[in-house]
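Everything on this sheet refers to the single structure shown next.
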Protein chains: 2
Amino acid sequence: METLLYAQLADTLIAQIRGGVYKVGDRLPSVRSLSKREQVSIATVNSAYAILEERGWVEARPKSGYFVQRAQSVQIGKPRTGEVTSKPRAVSTKELALEVQREASITRSRNFSCAIPDLQLSIAAVIQKTLTRLSRQGTALGQGYDSTEGLFELRQQVARRGIDGGVHVSPDAIITTLGAQNAISLALRAVTKPGDIIAVESPCYFGLLQMIEAMGLKAIEIPADAETGMSVDALKLAVQQWPIKAILCISTFSNPLGCTIPDNHKQAIVNLAVRHDLCIIEDDIYGELQFDGPRPKTIKAFDPDGRVLWCSSVSKTMDPQLRVGWIAPGRYYDEVLRQKYTNYLAAPSLPQAVTAEVMSKGLYDRHLRQARLAYKQRSEQMLDLAERYFPQETLASRPKGGLVTWFEMPRRLDMTELYHQCRDLDIRIAPGELFSVSGLYRNYFRLNYANEWTPAREQAVQSIGDTLKSMLVSR
Amino acid sequence: METLLYAQLADTLIAQIRGGVYKVGDRLPSVRSLSKREQVSIATVNSAYAILEERGWVEARPKSGYFVQRAQSVQIGKPRTGEVTSKPRAVSTKELALEVQREASITRSRNFSCAIPDLQLSIAAVIQKTLTRLSRQGTALGQGYDSTEGLFELRQQVARRGIDGGVHVSPDAIITTLGAQNAISLALRAVTKPGDIIAVESPCYFGLLQMIEAMGLKAIEIPADAETGMSVDALKLAVQQWPIKAILCISTFSNPLGCTIPDNHKQAIVNLAVRHDLCIIEDDIYGELQFDGPRPKTIKAFDPDGRVLWCSSVSKTMDPQLRVGWIAPGRYYDEVLRQKYTNYLAAPSLPQAVTAEVMSKGLYDRHLRQARLAYKQRSEQMLDLAERYFPQETLASRPKGGLVTWFEMPRRLDMTELYHQCRDLDIRIAPGELFSVSGLYRNYFRLNYANEWTPAREQAVQSIGDTLKSMLVSR
């Protein structure tokens, strides 16, 4: 019994540290007070602390007690906050990004590399039924091209949903797109010309970096905090120093950090954009995937004059196969519409109709409630597994929403090598190298926790851990 | 009886002139010889010739006989062949193009403005059934993103179909796209940078001109012949004079002229491209819609070294709502793939699967046989109606495939005004202004003949004619 008790107590303490009850440097309760508070023996408390110490959570200081050594939510990039570390750079082309994307089409139990939602949740059956029914009814066929603006019913649903995020736009201010990547691509084409400099968060989702490269733009990396996202101070400095054209960021539950820019920072970023007459391209694709509480506000909610281009999609909440996204481009409406028209004339109507119907019937909201709970539990489980199997030097972000966790390893390790070694084991991870234009994150990697934990997936995490440990030993 | 006979004879003669049996300037058979050959009275022949004269087909020269005055298949742009009339120009933005496109989403009996196929042909039911079945089977859902290359089954079908057009590429050399517009857009992004000059045929489909503008490129207009398309001589001159980066043309049954570049010109264009190291973006979207005989060869068929980017789709042969197209980009494969990835990651799989299945089961070929016959008859009917209702000054192209006819009016008339007047009558036409960057075709317009002729549509053509006549009177 006693063994169970100390393990339980250790778990409780770790949860409290993770949850921020105790932060790095904080002194934990004394053995005596904890014994009293938790109604357990002194020996039990000592054993629990021994576990925490062994796992690297706490440090014992003679005559002072136990102090938190790491909080699992690493403040990645924080050392760099306040100074812009990199000049604007052309993004170097990475075959790796295409390779990782290619594998996003492969259903495999041991794939952790892509930010794809769990496609086995009950919404899948709803999508399929709706699609089949609408297709049997002949919806959207035989009527020529969809309008370039996109299906009104969907734009109406999007306008309604936006309100929760503080977005107040009419359906006529929205243009549907082929997913959020396409929305951002249209936005960038509308507001930039080749050679322009775009401020991105660092680390930055590689699909955005690749896009910036393909358009002949330059990226300047603004350090992002693992909890509060893009550093406002660093952004301020960068904006003063460089002729930045636009700010591009995943504002809520960012990929890969899982961080969310707090409301006051969102306001500050908008203020900065107004002062320097920049526009902001907001990728809000994870915005409705909070684990707890209300849906966070968007940057668009603070937009005073139409300079925020709000982009999102259902690729993380329904199915990326639908290729349904949207943009509320504010003052850039005409140019975004023209870009869509010249790129592909119009989107297919059927997936838009399916999405609109699932939303209008309340099935989307019902699904989100289920998905939020599932992803919250699965992210916890991911951290638990990482803790059990990964080397104790591992640091991990603690997302409060979204689909991915970001891991940091000691600087001497190369996670692109981990990627290749895992690949040989038929396991896929996303190496940190992809998330920067200046080679900042070679010792980082990203894992997706969205899928249900099965023995095979747990085993795969263990294999990743074993590979990391052997890499540590051999360096 | 006699009245019917002379009308019949007049129709026969007009068909012969249209078909090129007698060309402009040719002397028609004498009244006597025709009377003998056709076994009709002298009076009948005289009456028939009177009709032809009244309608402006023939000119009576005293003591010489009747001479062909116009051949209906106008050689549009021919006066300009041999000299490049325009400098490379930035394409001016046209709200009109977006407006015309917007109405492509509206099913209306009186819409002649868009190059949309007849969506009531029996293929529609095949598409719907296949879509419903595949969607009920759950095809393409729940498996993450499609690969950026696109669905293999479709690429395989496209590779097989290409052979008829002389395209010999493997499925691995093909990338699927969201229609041909998107294929061309990816191609241009892959091979150009802003400021580059693109040679286009003139008149040129406005969707391409708009695309060129949106990308910050410049267009140089190469005069096109109403039968043989882009002038090789003019192209040669332009290539010597300007640093042209790429040649962009609809090689077969072009929009709006309906012309097809003959094989020896296709070869000459490729030779020119090789000599000056240009690439060729070939829009082959109407290539399988010939009225008679075998499917014309593509420019890609003459490609010696991968410099031709072959683009097409099923938007003119199945349903534009599918948004299924493809590109065989030759040596530009990697860059086109990267452009697709950064634009929208991947296309939806389901419409690709539907298209592949319809093709593989032979249903596509069966449909094409039906469509070719229907479009041939409808194009004839369009010309007959135009002849009956349009002013006699009208000149029209005579397409041998595809979906549209190109009309020329006297230079003093403005067809953008016709567009607006027709719009008030709830009739839509495509005004010629859209088809040039240098205002060349204000007295031209384009009509789609793909839909079945109903009394309402015939009536609409009559109304267009009445409007044209009243415009002529008031000028």
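Below, chains carry the letters A, B, ... as their sequence lines are ordered, and counting in each starts from 1.
Put simply, of B:Gly216, B:Gly138, B:Ser315, B:Pro351, the one with the most heavy-atom pairs under 4.5 Å next to chain A is B:Gly138. Of the residues considered (B:Leu119, B:Leu131, B:Asn343), B:Asn343 shows the highest number of contacts with chain A, using heavy-atom pairs under 4.5 Å.
Heavy-atom neighbours of chain A within the stretch residues 178-191 of chain B, taken at a separation under 4.5 angstrom, comprise B:Leu178, B:Gln181, B:Asn182, B:Ser185, B:Arg189.
Residues passing the salt bridge (charged side-chain N to carboxylate O under 4.0 Å, His left out) test with B:Arg136, sequence neighbours excluded: none. Residues meeting the salt bridge (charged side-chain N to carboxylate O under 4.0 Å, His left out) test with B:Asp196, sequence neighbours left out: B:Lys193, B:Lys245. The salt bridge (charged side-chain N to carboxylate O under 4.0 Å, His left out) check on B:Glu149 picks up A:Arg102, with sequence neighbours excluded.
For chain A, the nearby part of B:Asp319 is the side chain; its heavy atoms alone come within less than 4.5 Å. When heavy atoms are compared at a cutoff of 4.5 Å, B:Ser349 approaches chain A by way of both its backbone and its side chain. Both the backbone and the side chain of B:Gln128 have a heavy atom closer than 4.5 Å to some heavy atom of chain A.
In terms of modelled atom types and a separation under 3.5 Å, the side chain of B:Gln321 and the main chain of A:Gly142 share no donor-acceptor contact.
The OG atom of B:Ser313 lies 9.5 Å from the CG atom of A:Leu345; values are rounded to the nearest 0.5 Å. In this structure, B:Leu350 CG and A:Leu322 CG are separated by 9.5 Å, a value rounded to the nearest 0.5 Å. Rounded to the nearest 0.5 Å, atoms CD (A:Gln210) and CD (B:Gln339) are 11.0 Å apart.
Annotation: side chain of B:Arg323 is in contact with side chain of A:Tyr145 (closest heavy-atom distance under 4.5 Å).
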